[in-house]
Peer 1: 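If you scroll down you'll find the structure; I have some questions about it.
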Amino acid sequence: MAEGEEPEKKRSRIEEQTENMLVDGTSDWQGRWEHMKKFLERAGPFTHPDFEPSTESLQFLLDVCKILVIGAGGLGCELLKDLALSGFCHIHVVDMDTIDVSNLNRQFLFRAKDVGRPKAEVAADFINRRIPGCRVVPHFKKIQDLDENFYRQFHIVVCGLDSVIARRWMNGMLLSLLVYDEGVLDTSSIIPFIDGGTEGFKGNVRVILPGMTACIDCTLELYPPQINFPMCTIASMPRLPEHCIEYVRILQWPKDKPFGDSVALDGDDPNHIQWVFQRSLERAAEFRIIGVTYRLTQGVVKRIIPAVASTNAVIAAACATEVFKIASSAYISLNNYLVFNDVDGLYTYTFEAEKKENCSACSQIPQDLHFSPSSKLQEVLDYLTDSASLQMKSPAITTTLDGKNKTLYLQTVASFEERTRPNLTKTLEELGLVNGQELAVADVTTPQTVLFRLNFTS
């Protein structure tokens, strides 16, 4: 900057230079990666004992390494920015949401003009336009819509989600990509999984090496169960605006079927939220309850967690640092769980979450279910959903009887649920199940079927 140059002129000049580089295809300039070379081209007191400095590490980050970012919300925006500025030029981002006005206070890649557009596409456009040489590829869809071949192409996966179910599904997908040779894990099939999460002034970061370290399901007890209001309160004695919204969500929607018999409530559909909002207002007025708003309705339906921009920035920075460490092999990565809390002062610590030997997701062995022959199938279903170590949402139970597959209970399809509902009141013995019987359970929390083995108790 020339001596005395005004800040506004300096900013305009830098923006003009950046735009010129984007136009003429220049992605680098002299000295752009000097700060990265200091980490990658020389050893130091904190480098990994086996690290060998070279120029190849930087070229791997710039030209080869492919990163997948799951989520383009508060954490996702920060992650994309941090990764792009750290030399990662090949990034894909997956997000199924569109931009809402309420996002703009913390999801800084979005502007008012972007409201209603897909988050993944807007975030990718912003990064690609602003950071020369970076190519972010957006995917406006659910993570469940992408297959194994898609996920297999990445070197590292980073999650910035607000859903435990989505985390567990992603965890299951990466576990399904592992290759075992006579029971021995092929380490080349491991895709490191870095997960970040925030809630208000609290956050956490964890580094997962699928098949080697504790996975998401190994430590399900660390995730607090979602708040569920008693049905009796919702149905007959509502006291809070949330009770009114839950009544409409749980009871009135399936009864009125406002958008058709088979249409499930979609928290991302404005028409669905508007319908729930109006019915909730009516119920609130009936019981003289105030406080029902469109935003609260959306928050209850989507289980939205409060977010603080500065917490997102801290957690995303820690996640991006772990990506850099793993991709470059220059430094020892986090082992393996970091907790951050600045509710009262500032507190952070790390600990090693331990791999659970009988984890339903990563143990490679059927899980034992201990029930008596006189137990009802409903008790098994309750255990699958209420157990702190399983926390399934809508399990479908099948087994093999007389050489044929038999569905014992399936609740995600209305016609099948009605047909298999009588099985819930039958005992395991009445259903023809025997000691050692294997049950296959499918659930939204995992892309793979989980195997259980019945152990009858006396």
Peer 1: Parallel, tilted or perpendicular for Phe154 and Phe150, by the 30°/60° rule?
Peer 2: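 Rings of Phe154 and Phe150: perpendicular, as their planes differ by over 60°.
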
Peer 1: Are more than 12 heavy atoms, taken from residues, nucleotides or ligands other than Gln59, located less than 6.0 Å from that residue's CD atom?
Peer 2: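 Enclosed.
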
Peer 1: Is any side-chain heavy atom of Pro192 closer than 4.5 Å to a side-chain heavy atom of Ile208?
Peer 2: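 A side-chain contact is absent here, since even the closest heavy-atom pair is not under 4.5 Å.
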
Peer 1: Are a donor atom and an acceptor atom from the side chains of Asn405 and Thr398 found within less than 3.5 Å of each other?
Peer 2: no

Peer 1: Shortest non-hydrogen contact from Pro210 to Leu175?
Peer 2: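 Shortest heavy-atom separation between Pro210 and Leu175 comes out as CB-CD2, 3.9 Å.
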
Peer 1: Run Lys393 and Asp443 through side-chain contact (heavy atoms from CB on, under 4.5 Å) and show every step you take.
Peer 2: CA-CA 7 Å; Lys393 302 303 174 184; Asp443 191 63; 4.2 Å; yes

Peer 1: Roughly how far, to the nearest 0.5 Å, is CG of Leu61 from CG of Leu40?
Peer 2: 6.5 Å

Peer 1: I'd like to know if Arg295 and Asp100 make a salt bridge, using a cut-off of under 4.0 Å between side-chain N and carboxylate O.
Peer 2: no

Peer 1: Hey, does the side chain of Asp95 reach the backbone of Lys119 with a donor-acceptor pair shorter than 3.5 angstrom?
Peer 2: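 No, Asp95 side chain to Lys119 backbone: no donor-acceptor pair under 3.5 Å.
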
Peer 1: In plain terms, say whether Arg117 and Asp114 are close enough for a salt bridge, that is, a side-chain N and a carboxylate O under 4.0 Å apart.
Peer 2: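 Salt bridge between Arg117 and Asp114, a charged N being under 4.0 Å from a carboxylate O: yes.
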
Peer 1: Drop me the distance from Asn335's CG to Phe351's CZ, to the nearest 0.5 angstrom.
Peer 2: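 Spacing of CG (Asn335) from CZ (Phe351) equals 11.0 Å.
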
Peer 1: For Asn358 and Ser363, what are the C-alpha separation, side-chain angles and deciding distance, and is it a side chain to side chain donor-acceptor pair (under 3.5 Å)?
Peer 2: CA-CA 5 Å; Asn358 63 339; Ser363 66; over 6 Å; no

Peer 1: Give the intermediate values and the outcome of side-chain contact (heavy atoms from CB on, under 4.5 Å) for residues Thr446 and Val450.
Peer 2: CA-CA 8 Å; Thr446 175; Val450 182; 4.0 Å; yes

Peer 1: Determine the minimum heavy-atom distance between Ile289 and Pro238, stating which atoms define it.
Peer 2: CD1-O, 3.4 Å

Peer 1: Any heavy-atom pair between the side chains of Ile326 and Val207 that's under 4.5 Å?
Peer 2: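 The answer is yes; the side chains approach within 4.5 Å.
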
Peer 1: Do Ile194 and Ile156 have side chains that approach each other closer than 4.5 Å (heavy atoms only, starting at C-beta)?
Peer 2: yes

Peer 1: Are the side chain of His92 and the backbone of His139 linked by a donor-acceptor contact shorter than 3.5 Å?
Peer 2: no

Peer 1: Look at atom CZ of Phe201 and say whether more than 12 heavy atoms of other residues, nucleotides or ligands are closer to it than 6.0 Å.
Peer 2: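 For Phe201, atom CZ is not crowded (no more than 12 foreign heavy atoms under 6.0 Å).
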
Peer 1: Would you indicate whether Phe60, at its atom CZ, is surrounded by more than 12 heavy atoms from other residues, nucleotides or ligands within a distance under 6.0 Å?
Peer 2: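 Result for CZ/Phe60: enclosed.
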
Peer 1: Can you tell whether the side chains of Glu322 and Lys325 come within less than 4.0 Å, N to carboxylate O?
Peer 2: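 Between Lys325 and Glu322 there is a salt bridge, with a charged N closer than 4.0 Å to a carboxylate O.
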
Peer 1: Between Arg167 and Asp195, does any side-chain N to carboxylate O distance fall below 4.0 Å?
Peer 2: yes

Peer 1: Would you say NZ of Lys66 has more than 12 non-hydrogen atoms from neighbouring residues, nucleotides or ligands within 6.0 angstrom?
Peer 2: yes

Peer 1: A side-chain contact here means heavy atoms from C-beta on lying under 4.5 Å apart; do Val184 and Tyr180 qualify?
Peer 2: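 Side-chain contact under 4.5 Å: no.
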
Peer 1: Do the side chains of Lys38 and Glu34 get close enough for a salt bridge, i.e. N-O under 4.0 angstrom?
Peer 2: no

Peer 1: Rounded to the nearest 0.5 Å, what separates atom CD1 in Ile127 from atom SG in Cys77?
Peer 2: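 Here the interatomic distance stands at 8.0 Å.
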
Peer 1: Looking at Ile290, I want to see if its CD1 is surrounded by more than 12 non-hydrogen atoms of other residues, nucleotides or ligands under 6.0 Å.
Peer 2: no

Peer 1: Residues in ring pair (Phe, Tyr, Trp, His ring centres under 6.0 Å) with Trp253, at least two apart?
Peer 2: Phe259, His272, Trp275

Peer 1: May I have all residue pairs that pass salt bridge (charged side-chain N to carboxylate O under 4.0 Å, His left out) and include part of residues 328-346, sequence neighbours excluded?
Peer 2: none

Peer 1: Any donor-acceptor pair under 3.5 Å linking the side-chain atoms of Arg168 with those of Asn171?
Peer 2: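 Not at all, the side chains of Asn171 and Arg168 share no donor-acceptor pair under 3.5 Å.
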
Peer 1: Side-chain contact, heavy-atom cut-off 4.5 Å: Thr348 with Asn341?
Peer 2: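 No, their side chains stay 4.5 Å or more apart.
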
Peer 1: Could you walk me through whether Thr198 and Leu75 satisfy the side-chain contact (heavy atoms from CB on, under 4.5 Å) test, starting with their C-alpha distance in whole Å, then the side-chain angles of each, then the deciding distance to 0.1 Å, before giving a yes or no?
Peer 2: CA-CA 8 Å; Thr198 66; Leu75 262 181; 4.3 Å; yes

Peer 1: Between Arg152 and Ser189, does a side chain to side chain donor-acceptor pair (under 3.5 Å) hold up when you go through it step by step?
Peer 2: CA-CA 9 Å; Arg152 193 175 279 114; Ser189 65; over 6 Å; no

Peer 1: What are the two closest heavy atoms between Tyr409 and Glu417, and how far apart are they?
Peer 2: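 Between these two residues, the closest heavy atoms are OH-OE2, 2.8 Å.
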
Peer 1: Nearest 0.5 angstrom please: Phe452 CZ to Glu438 CD, how far?
Peer 2: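 Answer for the CZ-CD pair, Phe452 versus Glu438, is 11.5 Å.
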
Peer 1: Can you give me the closest heavy-atom contact between Ala214 and Ala353, atom names plus distance?
Peer 2: CB-O, 3.4 Å

Peer 1: Under 4.5 Å between any side-chain heavy atoms of Ile245 and Val248, yes or no?
Peer 2: no

Peer 1: Rounded to the nearest 0.5 Å, how far does CG of Leu174 lie from CH2 of Trp169?
Peer 2: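 It is 9.0 Å, given to the nearest 0.5 Å.
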
Peer 1: Please indicate whether Gln274 has more than 12 foreign heavy atoms, meaning atoms of other residues, nucleotides or ligands, lying under 6.0 Å from its CD.
Peer 2: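 Correct, the count exceeds 12.
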
Peer 1: Report yes or no: does Tyr151 contribute a side-chain atom to a donor-acceptor pair with the main-chain N or O of Ile143 at less than 3.5 Å?
Peer 2: yes

Peer 1: Below 4.5 Å, heavy atoms only, C-beta onward: do Asp82 and Thr321 meet side chain to side chain?
Peer 2: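 When only atoms from C-beta onward are counted, Thr321 and Asp82 do not touch, as no gap falls below 4.5 Å.
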
Peer 1: Would you say CE of Met212 has more than 12 non-hydrogen atoms from neighbouring residues, nucleotides or ligands within 6.0 angstrom?
Peer 2: no

Peer 1: Using side-chain heavy atoms (C-beta onward) and a distance below 4.5 Å, is Leu390 in contact with Ser360?
Peer 2: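 In short, these two side chains touch, coming nearer than 4.5 Å.
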
Peer 1: Taking the six-membered ring for Trp and the single ring otherwise, decide whether the centroids of Phe108 and Phe110 are under 6.0 Å apart.
Peer 2: no

Peer 1: Test salt bridge (charged side-chain N to carboxylate O under 4.0 Å, His left out) on Lys81 and Glu78 and set out the steps.
Peer 2: CA-CA 5 Å; Lys81 176 260 295 181; Glu78 292 280 356; 3.1 Å; yes

Peer 1: If you look at every heavy atom in Asn103 and Thr98, which pair is closest and at what distance?
Peer 2: OD1-O, 4.0 Å

Peer 1: Please report the shortest heavy-atom distance between Cys159 and Ile70, naming the atom on each side.
Peer 2: SG-CB, 3.7 Å

Peer 1: In terms of relative ring orientation, are Tyr331 and Phe39 parallel, tilted or perpendicular, with 30° and 60° separating the classes?
Peer 2: perpendicular

Peer 1: Is it true that Glu246 and Arg249 make a salt bridge, defined as a side-chain N closer than 4.0 Å to a carboxylate O?
Peer 2: yes

Peer 1: Is it the case that more than 12 heavy atoms not belonging to Phe416 sit under 6.0 Å from its CZ atom?
Peer 2: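 No.
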
Peer 1: Would Arg129 count as a cation-pi partner of Phe126, with NZ or CZ less than 6.0 Å from the six-membered ring centre and within 45° of the ring normal?
Peer 2: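 Yes.
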
Peer 1: Is there a side-chain contact (heavy atoms from CB on, under 4.5 Å) between Leu109 and Val122? Walk through the geometry before answering.
Peer 2: CA-CA 8 Å; Leu109 299 183; Val122 174; 5.8 Å; no

Peer 1: Determine yes or no for a side-chain-to-main-chain donor-acceptor pair under 3.5 angstrom, with Thr385 supplying the side chain and Gln391 the backbone.
Peer 2: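 Checked: no pair found.
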
Peer 1: Is the positively charged end of Arg283 above the ring of Tyr247, judged by distance under 6.0 angstrom from the centroid and angle within 45° of the axis?
Peer 2: yes

Peer 1: Say you draw a straight line from CD of Gln252 to SG of Cys244; how long is it, rounded to the nearest 0.5 Å?
Peer 2: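 Answer for the CD-SG pair, Gln252 versus Cys244, is 10.5 Å.
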
